[in-house]
Visitor: 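One structure, pasted below without further comment.
Throughout, protein chains are lettered first and strands after them, A, B, ... in sequence-line order, and every chain is numbered starting at 1.
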There are 2 protein chains.
Amino acid sequence: MSHLGYACLMAVDPDHVLRTAAALLTRKSTATMDEVAKAAGISRATLHRHFAGRDVLVRALESLGIAECEAALDAARLEEGTASEAVRRLVGAIEPVAGLLAFLYSENQLFEGEELNAGWTLIDDRISALFRRGQLGGEFRIDLTPAWLTEALYGLMASGAWMVHSGKGAPKDFQHMIVELLLGGALRREES
Amino acid sequence: MSHLGYACLMAVDPDHVLRTAAALLTRKSTATMDEVAKAAGISRATLHRHFAGRDVLVRALESLGIAECEAALDAARLEEGTASEAVRRLVGAIEPVAGLLAFLYSENQLFEGEELNAGWTLIDDRISALFRRGQLGGEFRIDLTPAWLTEALYGLMASGAWMVHSGKGAPKDFQHMIVELLLGGALRREES
DNA sequence: CCAGCATGAGACATCATTGTCTCATCTGGG
DNA sequence: CCCAGATGAGACAATGATGTCTCATGCTGG
């Protein structure tokens, strides 16, 4: 037997499979394991060897989504500059993951009884903290709770991802549309 | 044979079944036909006699959702008063349907190839027209398209429904949270 | 060259949901 | 009272997705 745990030869790259699955399920959330395998260019048997069951695959996608979200949060440097600038960076950084997030969001309701991955709470807390920072600094209004602002951001990102996905909006407008509406609202600013 | 088309005796009320199904599927979008029947207090056979198949049931729910949406649009009198007031009335009127809308929204992706019910376009147009009216009247900013404002409203309503459903928010705050964020945004208003 | 290992293809049983059917029962109107 | 119609309960097959298995193939490392 080889002294290496696994690395030998034409082994499938699990990360590539995962990302292909994410791209497919983002478009068609009911895709079959067979379709996922075909999209990844592997057989259903091999897919099953790496992810033993659809739930395992979804859990792995959840971990991927959480990891990418946290990477986006890190890249956005939420502690630096004004809260508004941080929100803008956050939306821009999270845009590539928005589709996957929307998929996971719709799948989460299937994990009703089971425990919710603690990673989501971590992310919620970091975003809530950003809004709280904006409130304490006098930048954001205080009559909307950080929790609601966080949920609203999620909803707006889902709408933005939908606009882009359906072709009604350009990806380049994603960040601007969301940030402008979330921060500025629909009303005209007399003071501007 | 009776001279009346159908009305005879202990006939099931299809509307009651529909509303029960809506309430159930709002909470558990993957509910079985059996669960739907049980929730409505009828047998699966009878459910099947009224709605021949799950797709027929979902289509009926779609029609119900469209009808209730249009009723809400009518009740909100979108042409009266300022656009802001109309938006506030709209959100308040549509709140009871928000859960059903979220369910239908998630199901619509399953009707990929098939034709989309024209009713949705009608509703989109009416809401878009409201935002356009606000823009033309100088009330709303013009750098966000009415189409985006409409989609954003949907997203915020989904987030609001989620907050209420998950117990993180009170139903009485639904209207206020959404309208304040959609119109005013998160930034503080110096002019207020 | 050869052995080992990952893969592809496919067969197979299982499971859940669904659509369809039959039959017994109950109710209310004529 | 009696019958038509609607319902409830359950059996049944069909379908689709899934999990598991075997076998042949092809490649790599030694």
Side-chain angles (χ1 to χ4, degrees), chain A residues 1-22 24-62 103 106-107 109-114, chain B residues 1-22 24-62 103 106-107 109-114:
Chain A
M1 65 294 290
S2 77
H3 60 292
L4 277 177
Y6 85 108
C8 286
L9 59 168
M10 48 181 306
V12 164
D13 180 15
D15 191 67
H16 166 253
V17 175
L18 216 49
R19 291 179 188 280
T20 308
L24 173 61
L25 290 171
T26 289
R27 297 192 304 271
K28 188 177 186 237
S29 61
T30 60
T32 300
M33 293 292 279
D34 209 83
E35 299 176 272
V36 172
K38 239 182 266 299
I42 62 178
S43 72
R44 195 166 66 95
T46 302
L47 175 62
H48 205 270
R49 284 180 189 114
H50 288 274
F51 303 97
R54 187 192 181 78
D55 55 341
V56 175
L57 177 64
V58 174
R59 293 291 186 180
L61 284 172
E62 188 180 31
F103 162 72
S106 71
E107 290 291 298
Q109 67 186 2
L110 305 190
F111 299 160
E112 283 183 336
E114 319 171 25
Chain B
M1 68 293 288
S2 77
H3 60 293
L4 277 178
Y6 85 107
C8 286
L9 58 167
M10 49 180 308
V12 164
D13 179 16
D15 191 69
H16 166 252
V17 175
L18 216 49
R19 292 180 187 280
T20 308
L24 173 60
L25 290 171
T26 290
R27 297 192 306 271
K28 188 181 183 216
S29 61
T30 61
T32 301
M33 293 292 277
D34 209 84
E35 298 176 272
V36 172
K38 239 181 265 300
I42 63 178
S43 72
R44 194 165 66 96
T46 302
L47 174 62
H48 221 276
R49 285 181 189 113
H50 289 273
F51 304 97
R54 186 192 181 79
D55 55 341
V56 175
L57 177 66
V58 173
R59 294 290 187 182
L61 284 172
E62 187 179 33
F103 163 71
S106 71
E107 290 291 297
Q109 67 185 1
L110 305 191
F111 299 160
E112 282 182 338
E114 318 171 25

Visitor: Under a 4.5 Å cut-off applied to non-hydrogen side-chain atoms, are B:Thr20 and B:Val36 in contact?
Guide: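 A side-chain contact is absent here, since even the closest heavy-atom pair is not under 4.5 Å.
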Visitor: How long is the line joining CG of A:Leu57 and C1' of D:dA17, in whole Å?
Guide: 14 Å
Visitor: Are any of A:Ser43's side-chain N or O atoms less than 4.0 Å away from OP1 or OP2 of C:dT7?
Guide: no
Visitor: Can you measure from CE (A:Met33) to CZ (A:Phe51) and round to the nearest 0.5 angstrom?
Guide: 9.0 Å
Visitor: Would B:Arg59 and B:Asp55 pass as an ion pair if we require N to O under 4.0 Å?
Guide: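 A salt bridge is absent here (no side-chain N lies under 4.0 Å from a carboxylate O).
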Visitor: Once rounded to the nearest 0.5 Å, what's the spacing between atom NZ of B:Lys38 and atom CG of B:Leu47?
Guide: 11.5 Å
Visitor: Taking B:Glu35's backbone N and O only, do any of them form a donor-acceptor pair with B:Thr32's side chain (distance below 3.5 Å, no angle check)?
Guide: no
Visitor: So if I define the base as every atom that isn't primed, P, OP1 or OP2, how would nucleotides 12-19 of chain C read as a B/S/- string at a heavy-atom cutoff under 4.0 Å?
Guide: -----SBB
Visitor: Where the side chain of B:Thr46 meets the backbone of B:Ile42, is there a donor-acceptor pair that is under 3.5 Å apart?
Guide: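 No, the answer is negative, given that no donor and acceptor are paired below the 3.5 Å cut-off.
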Visitor: Over the length of the helix from C:dC1-D:dG30 to C:dG30-D:dC1, how much do the five-pair end axes diverge, rounded to 10 degrees?
Guide: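 The helix from C:dC1-D:dG30 to C:dG30-D:dC1 shows an end-to-end axis angle of 10°.
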Visitor: Check whether any side-chain N or O of B:Ser29 sits under 3.5 Å from a backbone N or O of B:Leu25 as a donor-acceptor pair, and report yes or no.
Guide: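 Absent.
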Visitor: D:dT18 C1' sits how many Å from A:Arg49 CZ, rounded?
Guide: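 So the two atoms are 16 Å apart, to the nearest Å.
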Visitor: Working to the nearest 0.5 angstrom, can you tell me the gap between A:His50 NE2 and A:Asp13 CG?
Guide: 9.0 Å
Visitor: Nearest of D:dG10, C:dG8, D:dT7 to any side-chain atom of B:Ala45?
Guide: D:dG10
Visitor: So, OP1 or OP2 of D:dA6: does either fall under 4.0 Å of a side-chain N or O from B:His50?
Guide: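 No, because none of the side-chain N or O atoms of B:His50 sits under 4.0 Å from OP1 or OP2 of D:dA6.
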Visitor: Given atom NZ of B:Lys38 and atom C1' of D:dA9, what is their separation to the nearest angstrom?
Guide: 10 Å
